[in-house]
Visitor: 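This is the structure, below, for whatever I ask next.
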Amino acid sequence: MSSAIRHFLQFKDFSRADFDYLFERTLWIKRQFKAYQRYWPLADRTLVMIFEKASTRTRLSFEAGIQQLGGSAIYLNTRDSQLGRGEPVEDAAQVISRMSDLVMIRTFEQDIIERFAANSRVPVINGLTNEYHPCQIMADIFTYIEHRGPIQGKTVAWIGDSNNMCNTWLQAAEVLDFRVRVSTPPGYEVEPERAGLVGTAHFEQFADPMEAARGADIVTTDVWTSMGFEAENDERLKDFADWQVDGDMMRVAKPDSIFLHCLPAHRGEEVTGEVIDGPQSLVWDEAENRLHAQKALMEYLLLGRIES
């Protein structure tokens, strides 16, 4: 197994220089796509997509993305494969990585993807785990850069649950040098160790979500009940009632602030229709940018840096 293999298992696996390059490539690749220019650098390359958690945007963006780069995708659901029948992750990694060029996994515990990558001959991408969602945050940050310029020194307000999205925003702040203000209900606070943080210099916790949003450049949230926590839904609806992103909250953010949400969204719960369908919302660009950012990522993992 080559030591040159790079994986993207959490945001801090890459440096700021890596991301600067990836954001430039994302823009170039997106422009090619919009101009209907064929670009097939990954011809004859195969991506295996392993899903233990359901998905719309992750499957669509990876499957369409590899095809738009000239490659092909194979979808594996753990219900329909030996992984779901108790085959060790390590054994599955040995076999799958001998038959493909790239693997994307969407699963539960981060440990599963770490064990797979440790036994893989090809790059492995985290398509979402309970702990992290690095591809989504990469697309989110690209969306901000595309519309507003560099994110360095900016302020992100995270309103809601300290989930995998929140953890990844916090890692991104350390890598790319911006600040995250987190406001969660009592009992749902950030756990720096679980988030994989080096320190606490780039984030601050707020009891009051309005104070977290005040003067922010980005206001962002997620569903109150993530996959795997459905049994807690009724309790969470009560606990999070005061953590809805609404028009008043957006008005205390900067005048040119943007609203982001990884989707799917529950209008009337974590965000109002006024906000998600309003002029500050960039959620549809954000969703599309998963496609382009992941194309840049797959190209980088397989081919390294390319001069555009």
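Because the structure is a prediction, the values reported are computed rather than measured.
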Visitor: Distance-only, no hydrogens or angles: does the Ser100 side chain make a donor-acceptor pair with backbone N or O of Ile96 under 3.5 Å?
Guide: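 Yes: the side chain of Ser100 pairs with the backbone of Ile96.
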
Visitor: Locate the shortest heavy-atom distance separating Gly247 from Val275; write the atom from each residue and the value.
Guide: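 Where Gly247 meets Val275 most closely, the heavy atoms are N-CG2, 3.6 Å.
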
Visitor: Under 3.5 Å, is there a donor-acceptor pair between the side chain of Glu114 and the main chain of Glu109?
Guide: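 A pair under 3.5 Å: no.
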
Visitor: For Pro185 and Gly160, which heavy atoms make the closest approach, and how far apart are they?
Guide: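 Nearest heavy atoms, Pro185 then Gly160: CD-O, 3.7 Å.
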
Visitor: Could you tell me if the side chain of Cys166 sits less than 4.5 Å from the side chain of Val190, heavy atoms only?
Guide: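 They are in contact (side-chain heavy atoms under 4.5 Å apart), so the answer is yes.
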
Visitor: Assess the side chains of Thr129 and Gln110: does a donor N or O sit below 3.5 Å from an acceptor N or O?
Guide: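 The criterion, which ignores hydrogens and geometry beyond distance, is satisfied for Gln110 and Thr129.
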
Visitor: Between Lys12 (side chain) and Gly196 (backbone), is there a donor-acceptor pair under 3.5 Å?
Guide: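 Present.
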
Visitor: Please assess Phe203 against Trp169 for the test side chain to side chain contact (heavy atoms under 4.5 Å, CB included), listing each intermediate value before the final yes or no.
Guide: CA-CA 10 Å; Phe203 93 95; Trp169 270 114; over 6 Å; no

Visitor: Any side-chain heavy atom of Leu42 sitting closer than 4.5 Å to one from Ile66?
Guide: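 Yes, at least one pair of side-chain atoms sits under 4.5 Å.
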
Visitor: Do side-chain atoms of Gln171 reach the backbone of Ala195 as a donor and acceptor pair under 3.5 angstrom?
Guide: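 Looks like yes, one N/O pair under 3.5 Å.
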
Visitor: Got a sec, which residues hit salt bridge (Lys or Arg N to Asp or Glu O under 4.0 Å) with Asp277, two or more places apart in sequence or on another chain?
Guide: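 Here the qualifying residues are Arg267.
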
Visitor: Enter the distance from Met104:CE to Leu128:CG here, rounded to the nearest 0.5 Å.
Guide: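 Answer rounded to 0.5 Å: 9.5 Å.
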
Visitor: Looking at Gly127, is its backbone amide N or carbonyl O close enough to the side chain of Arg106 to form a donor-acceptor pair, meaning the two atoms are under 3.5 Å apart?
Guide: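 Answer holds: yes.
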
Visitor: State, with a plain yes or no, whether a side-chain heavy atom of Phe8 is found less than 4.5 Å away from one of Arg6.
Guide: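 No - every pair of side-chain heavy atoms lies 4.5 Å or more apart.
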
Visitor: Once salt bridge (charged side-chain N to carboxylate O under 4.0 Å, His left out) is applied, what residue pairs with a partner in residues 289-303 remain, sequence neighbours excluded?
Guide: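 Qualifying pairs, neighbours excluded: Arg25-Glu299.
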
Visitor: Nearest 0.5 Å please: distance from the OG1 atom of Thr58 over to the CD1 atom of Ile105.
Guide: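 Between atom OG1 of Thr58 and atom CD1 of Ile105 there are 13.0 Å.
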
Visitor: Restricting to pairs with a member in residues 230-278, which pass ring pair (Phe, Tyr, Trp, His ring centres under 6.0 Å), not counting sequence neighbours?
Guide: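 Matches after skipping sequence neighbours: Tyr188-Phe240, Trp224-Phe240.
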
Visitor: Do Val48 and Met99 have side chains that get closer than 4.5 Å, going by heavy atoms?
Guide: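 Val48 vs Met99: side chains apart.
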
Visitor: Nearest 0.5 angstrom please: Ser162 OG to Asp222 CG, how far?
Guide: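 Output value for this atom pair is 11.5 Å.
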
Visitor: Under a 4.5 Å cut-off applied to non-hydrogen side-chain atoms, are Leu303 and Pro41 in contact?
Guide: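 Of all side-chain heavy-atom pairs linking Pro41 with Leu303, at least one is under 4.5 Å.
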
Visitor: To the nearest 0.5 angstrom, please state how far the CG atom of Asp18 sits from the CZ atom of Phe23.
Guide: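 It is 10.5 Å, given to the nearest 0.5 Å.
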
Visitor: Check whether Arg251 reaches the backbone of Asp246 with its side chain - one donor and one acceptor, N or O, closer than 3.5 Å.
Guide: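 Checking the backbone N and O of Asp246 against the side chain of Arg251, no donor-acceptor pair under 3.5 Å is found.
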
Visitor: How close do Ala73 and Glu63 get, counting heavy atoms only, and between which atoms?
Guide: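 Smallest interatomic distance, heavy atoms only, reads CB-CG, 3.8 Å.
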
Visitor: Please enumerate all residues that pass side-chain hydrogen bond (donor to acceptor under 3.5 Å, both in side chains) together with Asp13, with sequence neighbours excluded.
Guide: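 Expected list: none.
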
Visitor: What's in the same ILVMFWY side-chain cluster as Phe33, cut-off under 4.5 Å, chained through other members?
Guide: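 Same cluster as Phe33: Leu291.
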
Visitor: Please enumerate all residues that pass side chain to side chain contact (heavy atoms under 4.5 Å, CB included) together with Ser72, with sequence neighbours excluded.
Guide: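 Side chain to side chain contact (heavy atoms under 4.5 Å, CB included) check on Ser72 returns Thr46.
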
Visitor: Can you measure from CG (Leu263) to CD (Gln136) and round to the nearest 0.5 angstrom?
Guide: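 Separation between the atoms: 7.5 Å.
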
Visitor: What's the verdict on side chain to side chain contact (heavy atoms under 4.5 Å, CB included) for Ile141 and Phe178, showing C-alpha distance, side-chain angles and the deciding distance?
Guide: CA-CA 11 Å; Ile141 292 171; Phe178 59 90; 4.1 Å; yes

Visitor: Does a side chain donor of either Thr184 or Gln205 reach within less than 3.5 Å of an acceptor in the other side chain?
Guide: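 Distance-only check fails for Thr184 and Gln205.
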
Visitor: To the nearest 0.5 angstrom, please state how far the CZ atom of Arg181 sits from the CG atom of Asp208.
Guide: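 Nearest 0.5 Å value for the CZ-CG distance: 11.5 Å.
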
Visitor: Can Ile125 be reached from Met138 by stepping across I, L, V, M, F, W or Y side chains whose heavy atoms are under 4.5 Å apart?
Guide: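 Same cluster: Met138 reaches Ile125 through Ile, Leu, Val, Met, Phe, Trp or Tyr contacts under 4.5 Å.
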
Visitor: Does either side chain, that of Thr221 or that of Glu270, offer a donor lying less than 3.5 Å from an acceptor on the other one?
Guide: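 Judged by distance alone, the side chains do not pair up.
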
Visitor: Between Phe51 and Val95, is there shared hydrophobic-cluster membership here, with clusters defined by ILVMFWY side-chain heavy atoms closer than 4.5 Å?
Guide: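 Different clusters.
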
Visitor: If you group Ile, Leu, Val, Met, Phe, Trp and Tyr by side-chain heavy-atom gaps below 4.5 Å, do Ile137 and Ile159 land in one group?
Guide: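 No, separate clusters.
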
Visitor: Quick check on the hydrophobic clustering: are Leu197 and Val156 connected, directly or via other members, by side-chain heavy-atom contacts under 4.5 Å?
Guide: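 Same cluster: Leu197 reaches Val156 through Ile, Leu, Val, Met, Phe, Trp or Tyr contacts under 4.5 Å.
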
Visitor: So, Thr225 and Asn233: side-chain donor and acceptor under 3.5 Å apart, yes or no?
Guide: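 Distance-only check passes for Thr225 and Asn233.
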
Visitor: At their closest point, which heavy atom of Ser120 faces which heavy atom of Ser97, and how far apart are they?
Guide: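 That would be OG-CB, 3.4 Å.
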
Visitor: Using only atom types and a distance under 3.5 Å, with no angle test, would you say the side chain of Thr220 pairs donor to acceptor with the backbone of Leu260?
Guide: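 Pair found, side chain donor or acceptor close to backbone of Leu260.
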
Visitor: So do the side chains of Lys154 and Ile218 get within less than 4.5 Å of each other, counting heavy atoms only?
Guide: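 No, side chains not in contact.
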
Visitor: Within a 6.0 Å radius of atom CZ on Arg31, are there more than 12 heavy atoms belonging to other residues, nucleotides or ligands?
Guide: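 No, because the 6.0 Å sphere around CZ of Arg31 holds 12 heavy atoms or fewer from other groups.
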
Visitor: Less than 4.5 Å apart, any side-chain heavy atom of Arg57 and any of Pro264?
Guide: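 When only atoms from C-beta onward are counted, Pro264 and Arg57 do touch, with a gap below 4.5 Å.
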
Visitor: Could you go step by step and tell me if Leu9 and Phe116 meet the side chain to side chain contact (heavy atoms under 4.5 Å, CB included) rule?
Guide: CA-CA 11 Å; Leu9 308 184; Phe116 192 104; over 6 Å; no

Visitor: Would you please classify the geometry between the Trp28 ring and the Tyr39 ring as parallel, tilted or perpendicular, with 30° and 60° separating the classes?
Guide: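 Tyr39 and Trp28: perpendicular rings.
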
Visitor: May I have all residue pairs that pass salt bridge (charged side-chain N to carboxylate O under 4.0 Å, His left out) and include part of residues 157-176, sequence neighbours excluded?
Guide: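 Salt bridge (charged side-chain N to carboxylate O under 4.0 Å, His left out) check on residues 157-176 returns Asp161-Arg236.
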
Visitor: Determine, stepwise, if the pair Val245 / Met250 fulfils side chain to side chain contact (heavy atoms under 4.5 Å, CB included).
Guide: CA-CA 7 Å; Val245 179; Met250 293 305 299; 4.0 Å; yes

Visitor: Quick one, Asn163 and Trp158 - any side-chain contact, counting heavy atoms below 4.5 Å?
Guide: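 Side chain of Asn163 against side chain of Trp158, heavy atoms only: contact under 4.5 Å found.
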
Visitor: Given the rule that I, L, V, M, F, W and Y join up when any side-chain heavy atoms are under 4.5 Å apart, are Val271 and Met249 in one cluster?
Guide: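 Val271 and Met249: one cluster.
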
Visitor: With Asp44, which residues qualify under side chain to side chain contact (heavy atoms under 4.5 Å, CB included), at least two apart?
Guide: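 In terms of side chain to side chain contact (heavy atoms under 4.5 Å, CB included), with neighbours along the sequence ignored, Asp44 is linked to no residue.
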
Visitor: Just grab all the ring pair (Phe, Tyr, Trp, His ring centres under 6.0 Å) pairs involving residues 120-152, residues at least two apart or on different chains.
Guide: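 Listed by first then second residue: nothing to list.
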
Visitor: Any pair with a residue in residues 131-146 that passes salt bridge (charged side-chain N to carboxylate O under 4.0 Å, His left out), sequence neighbours left out, goes on the list, sorted by first then second residue, please.
Guide: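 Sorted result for residues 131-146: Lys30-Glu146.
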
Visitor: For Lys254, give me all partners under salt bridge (Lys or Arg N to Asp or Glu O under 4.0 Å), at least two apart in sequence or on another chain.
Guide: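 By the salt bridge (Lys or Arg N to Asp or Glu O under 4.0 Å) rule, Lys254 matches Asp217.
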
Visitor: Counting N and O atoms only, with roles assigned by atom type, does the side chain of Gln244 sit under 3.5 Å from a partner on the main chain of Glu269, one being a donor and the other an acceptor?
Guide: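 Judged by distance alone, yes, a pair lies under 3.5 Å.
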
Visitor: Scan residues 186-200 for pairs that pass salt bridge (charged side-chain N to carboxylate O under 4.0 Å, His left out), counting only residues two or more places apart or in two chains.
Guide: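 Listed by first then second residue: nothing to list.
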
